[in-house]
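Just below is one structure, and these are the notes that go with it.
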Number of protein chains: 2
Amino acid sequence: MNTEERIKKQLELIETMGRIFEREGMQPVVGRIMALLMVMDKEMFTFDQIVEELQISKSSASVGLKILQASNSIEYTTIPGDRKRYFRIKSQDPLSLMEDIKRKIEEKRGILTQVLELKADPESRNSQFFKNLIYIMNHFLEKYEKHKEKYQNKG
Amino acid sequence: MNTEERIKKQLELIETMGRIFEREGMQPVVGRIMALLMVMDKEMFTFDQIVEELQISKSSASVGLKILQASNSIEYTTIPGDRKRYFRIKSQDPLSLMEDIKRKIEEKRGILTQVLELKADPESRNSQFFKNLIYIMNHFLEKYEKHKEKYQNKG
DNA sequence: ATTTTAGTTCGGTAAGTTCCGAACTAAAAA
DNA sequence: TTTTTAGTTCGGAACTTACCGAACTAAAAT
């Protein structure tokens, strides 16, 4: 694959990823900024480069970048003697991805526990189903913790 | 806690759960139908009972129930000599919850793999970060499979 | 001192979503 | 045969979101 082909595919991937981020609740422009910062060979973009590359307004870029910073997804560095901000994705601890998933499972478990506590009949069809769900959630959360420990110790 | 208190809390929980489902992409009415079928002591509701209980229009109920059936979240039974449909949540295999999570991780891994393949420099900051993410995803997917097997064998 | 750079903030608009009521249908009951 | 029941479908109103352009600001360059 030559460079030209590669760049074309990268641009396509930005659209695809943008839609995935959108499905997860980001607004379209925000998702595409995130995707841009992830896929291109250049990994630091200035405000104007983002505006130019994605063909969006300065205001959308400004708001979008603010949202991504607030959600801890990107950061910027500055170069002395250069007024521009250079934006890039924030490379957090890779485990934080798994921690997000864990938190979501815990949230669901919390809700199901409340539902169960409020049931008149703890043996009803739904009660039993929810007990099962909670059981499996506990099982996997437990296993997850063990593997996290191992992973952290080994590095 | 007496029955009255319990029912009041159940109604509150419907609102809370509705908002959680909303955050996950359901439209408000759909989320509240789902929550209703989950939390109340009665676990089978007719169309009219849903309309009445949630104070929504018949059209919203009709569309909402169709969406929930299409997404495999609810089902209905009928009673011979009774024209009404009795809707209830579908209690799938509890593992399917974990399978959903697995699929999402796999999807993300697929995208990151594509990103990585299109990078000019496979040792760039972002490339390295993505490699790390993919590594940890693989690690946990592998462990997940093992535990699933164990769980299925034991029951 | 004034112009340029690098953004931010505000107001409005276009598009999309969500929901409702009214009119409809198909089957069962009267 | 007419009426009732149990929904469905359609069109549009009300609201929300997503984005833009224009006006603005604060710092740096000229």
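Every chain is numbered from 1, with letters handed out A, B, ... down the list of sequences.
- Taking 4.0 Å as the cut-off between side-chain N and carboxylate O, A:Lys84 and A:Asp48 do not count as a salt-bridged pair.
- The residue among A:Val30 and B:Ser62 whose nearest nucleotide of DNA chain D is located toward the 5' end is B:Ser62.
- Inter-axis angle, ends of the helix from C:dA1-D:dT30 to C:dA30-D:dT1, five pairs per end, rounded to 10 degrees: 10°.
- A donor-acceptor contact shorter than 3.5 Å is absent between the side chain of B:Asn132 and the backbone of A:Pro94.
- One side chain, B:Ser57 or B:Ser60, offers a donor N or O that lies under 3.5 Å from an acceptor on the other.
- The stretch residues 41-49 of chain B touches DNA chain D through B:Phe47, B:Asp48, each having a heavy atom under 4.0 angstrom from the strand.
- A:Ile56 has its CD1 atom 14 Å from the C1' atom of C:dT8, to the nearest Å.
- Although no hydrogens or angles enter the test, the distance criterion places a donor-acceptor pair under 3.5 Å between the side chain of A:Asn126 and the main chain of B:Leu37.
- Residue B:Arg85 has a polar side-chain atom (N or O) positioned under 4.0 Å from OP1 or OP2 of D:dT8.
- Remark: C1' of D:dA27 and NZ of A:Lys84 are 15 Å apart, rounded to the nearest angstrom.
- Put simply, B:Ser60 has a side-chain N or O that comes within less than 4.0 Å of OP1 or OP2 on C:dC20.
- Under the side chain to side chain donor-acceptor pair (under 3.5 Å) criterion, B:Tyr86 pairs with B:Asp82, not counting sequence neighbours.
- Residues satisfying the side chain to side chain donor-acceptor pair (under 3.5 Å) criterion with B:Lys119, sequence neighbours excluded, are A:Glu43.
- For the pair B:Leu54 CG and C:dC19 P, the interatomic distance rounds to 11 Å; values are reported in whole Å.
- The salt bridge (Lys or Arg N to Asp or Glu O under 4.0 Å) test applied to B:Glu145 returns B:Lys102, B:Lys148, not counting sequence neighbours.
- One interatomic measurement links the two molecules: CD of B:Glu52 to C1' of D:dA6, which rounds to 16 Å at whole-angstrom precision.
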For nucleotides 10-18 of chain D, which of its nitrogen or oxygen atoms have a protein nitrogen or oxygen under 3.5 Å away, and what is each distance?
from   : atom 1 : to      : atom 2 : distance (Å)
D:dA18 : OP2    : A:Gln27 : NE2    : 3.0

Sort me out a list of protein N/O and nucleotides 28-30 of chain D N/O pairs below 3.5 Å, or just none if empty.
from   : atom 1 : to      : atom 2 : distance (Å)
D:dA28 : O4'    : A:Arg83 : NE     : 3.4

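- Put simply, CD1 on B:Ile79 is 17 Å from C1' on C:dA28, counting in whole angstrom units.
- Within the structure, ring-ring contact (aromatic ring centres under 6.0 Å, His included) contacts touching residues 25-69 of chain B (residues at least two apart or in different chains) do not occur.
- Remark: P of C:dT8 and CZ of A:Phe87 are 7 Å apart, rounded to the nearest angstrom.
- Rounded to an integer number of Å, the gap from NZ of A:Lys66 to P of C:dA6 is 17 Å.
- No donor-acceptor distance shorter than 3.5 angstrom exists from the side chain of A:Asp93 to the backbone of A:Ser96, with no hydrogens or angles considered.
- Side chain of B:Arg109 to main chain of B:Ile134: no donor-acceptor pair is present (N/O by atom type, distance under 3.5 Å, no hydrogens or angles).
- Residues that satisfy the side chain to side chain donor-acceptor pair (under 3.5 Å) test with B:Glu107, not counting sequence neighbours, are A:Arg23.
- Taking the salt bridge (Lys or Arg N to Asp or Glu O under 4.0 Å) definition, one finds that A:Lys143 meets it with nothing, sequence neighbours left out.
- Residues that satisfy the side chain to side chain donor-acceptor pair (under 3.5 Å) test with A:Gln69, not counting sequence neighbours, are absent from this structure.
- Rounded to whole Å, atom P of C:dT8 lies 12 Å from atom CD1 of A:Ile67.
- Sequence neighbours left out, not one pair with a member in residues 4-27 of chain B passes ring-ring contact (aromatic ring centres under 6.0 Å, His included).
- Here A:Lys58 lies in heavy-atom contact (under 4.0 Å) with a base.
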